[in-house]
Amino acid sequence: MPTDSRVYSYSAVLMGSPILLKLFVHDEALASRVFQLIKRYEDLLTVNRQSSEVMDINHAAGLHPVKVSRPVFELIRCAKAASMLPQSAFNLAIGPLVKRWRIGFKGDEVPPAAEIAALLALTRPQDVILDDAAGSVFLTRPGMELDLGAIAKGYIADRVRDFLRRSGVEEGLINLGGNVLTLGSPVGEWGIGLKKPFAAAQETLGTITVNHQSVVTSGTYERFFEQDGRRYHHLLDSRSGYPLDNELDSVTVVSADSLDGDIWTTLLYGLGVEKGCAALEKRHDLEAIFVTKDRRVVLSSQRNFHFTLQDDSYRLTDRTA
Ligand code: ADP
Ligand code: MG
């Protein structure tokens, strides 16, 4: 890297995740405004505390609509649309199941099948009623709960990018606990490591080279527990109520907006490699990197990024191999 492009790194822990901001100017005040912005959005969207705008909606389930701020309303609108896609694995109303499974928290265990079936009835996205004129959200059944945990980081990463651009910053990177959003770089590109599933945190399979793109990875190795020799991870299939179970260890999405990346990692996880690649043929704004349990890496396309494989226990194959 040229000497005139010194990179300054700023870090914090927010939303239960490590946050890393890289800039090419030394500006503590700007970094602290970025962290404040993240915190403000976290305060609106979290479901890990008793109070937030989303928790206000959850507390009023089966009772009455709740008026929320415009950004929260728009995010919920977008999340509902993705949840209503045919055969969607993504579901903004997955809350009751996430809470019951407690995956990655003390006391996690496989719930009885009858309980899962009963909770599925409380996760119907069509029971999330949006009133555009009133700016309100209503969960029609008592016990329903929104969970925006899969997309909050992506949405906030996009807001950080917008804020940096408004502040005149054209070069930098924000990593929000695995949601990486790149602005420009003085050397023309960023190299992002692709995590090796079930390996030590810093071990990578290869490098994704991008510029002005979001890179989001969802992996089943992130959070899981084992019971009777089976692994249960934190990405639930909203169709079955059980963790998504297919040939995949991770899905990475490269896109302009990190919110799309967040939604599509879950959708693609639900589709698997073949159907996922087919779905992306109609979406020229989105690309994916699939990592399979049998150690293959499949790229849907390589228009806005370049991938270099660096682990010879994996091989690059096309979707049908
Ligand atoms: P990470 O927190 O590892 O970045 P993701 O962005 O992949 O993970 O989101 C996982 C979180 O999303 C879960 O912890 C849960 O709160 C929520 N979630 C789990 N399954 C679904 C689903 N099918 N649809 C929407 N959200 C989900
Ligand atoms: Mg996500």
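For the numbers below, each heavy atom of this structure counts, side chains included, while hydrogens, waters and symmetry mates do not. Order of appearance sets the numbers: ligands from 1, and atoms from 1 within every ligand.
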Check: Taking heavy atoms and a distance under 4.0 Å, where does Leu236 meet ligand 1: side chain, backbone, both or neither?
Finding: both
Note to self: Within the 4.5 Å heavy-atom criterion, are Val297 and Thr317 side-chain neighbours or not?
What the structure shows: no
Checklist line | Asn179 N/O under 3.5 Å from ligand 1 N/O | finding: no
Check: Which atoms of ligand 1 are found less than 4.0 Å from any heavy atom of Asp147?
Finding: 15 (C), 16 (O), 17 (C)
Next item on the list: Applying ring-ring contact (aromatic ring centres under 6.0 Å, His included), run through Trp190 and Phe24 and close with a yes or a no.
Entry: CA-CA 13 Å; Trp190 288 98; Phe24 295 92; 5.7 Å; yes
Checklist line | Distance filter under 4.0 Å to Ala89 heavy atoms, resulting ligand 1 atoms | finding: 22 (C), 23 (N), 24 (N)
Margin query: If the cut-off is 4.0 Å to any non-hydrogen atom of Phe90, which atoms of ligand 1 fall inside it?
Written below: 24 (N), 25 (C)
Item checked: Full working for salt bridge (Lys or Arg N to Asp or Glu O under 4.0 Å) between Arg77 and Asp132 -> CA-CA 9 Å; Arg77 189 213 297 277; Asp132 193 42; 3.0 Å; yes
Next item on the list: Assess Arg102 against Phe225: is NZ or CZ under 6.0 Å from the centre of the six-membered ring, and within 45 degrees of the ring's axis?
Entry: no
Next item on the list: Counting heavy atoms only, name the option from Met15, Lys153, His234, Glu222 that's nearest to atom 13 (C) of ligand 1.
Entry: His234
Margin query: Please list, in number order, the atoms of ligand 1 under 4.0 Å from a heavy atom of Ser218.
Written below: 5 (P), 7 (O)
Notebook entry, point to check: What do the steps show when you test Phe198 against Phe224 for ring-ring contact (aromatic ring centres under 6.0 Å, His included), and what is the final call?
Noted result: CA-CA 11 Å; Phe198 303 102; Phe224 62 85; 5.6 Å; yes
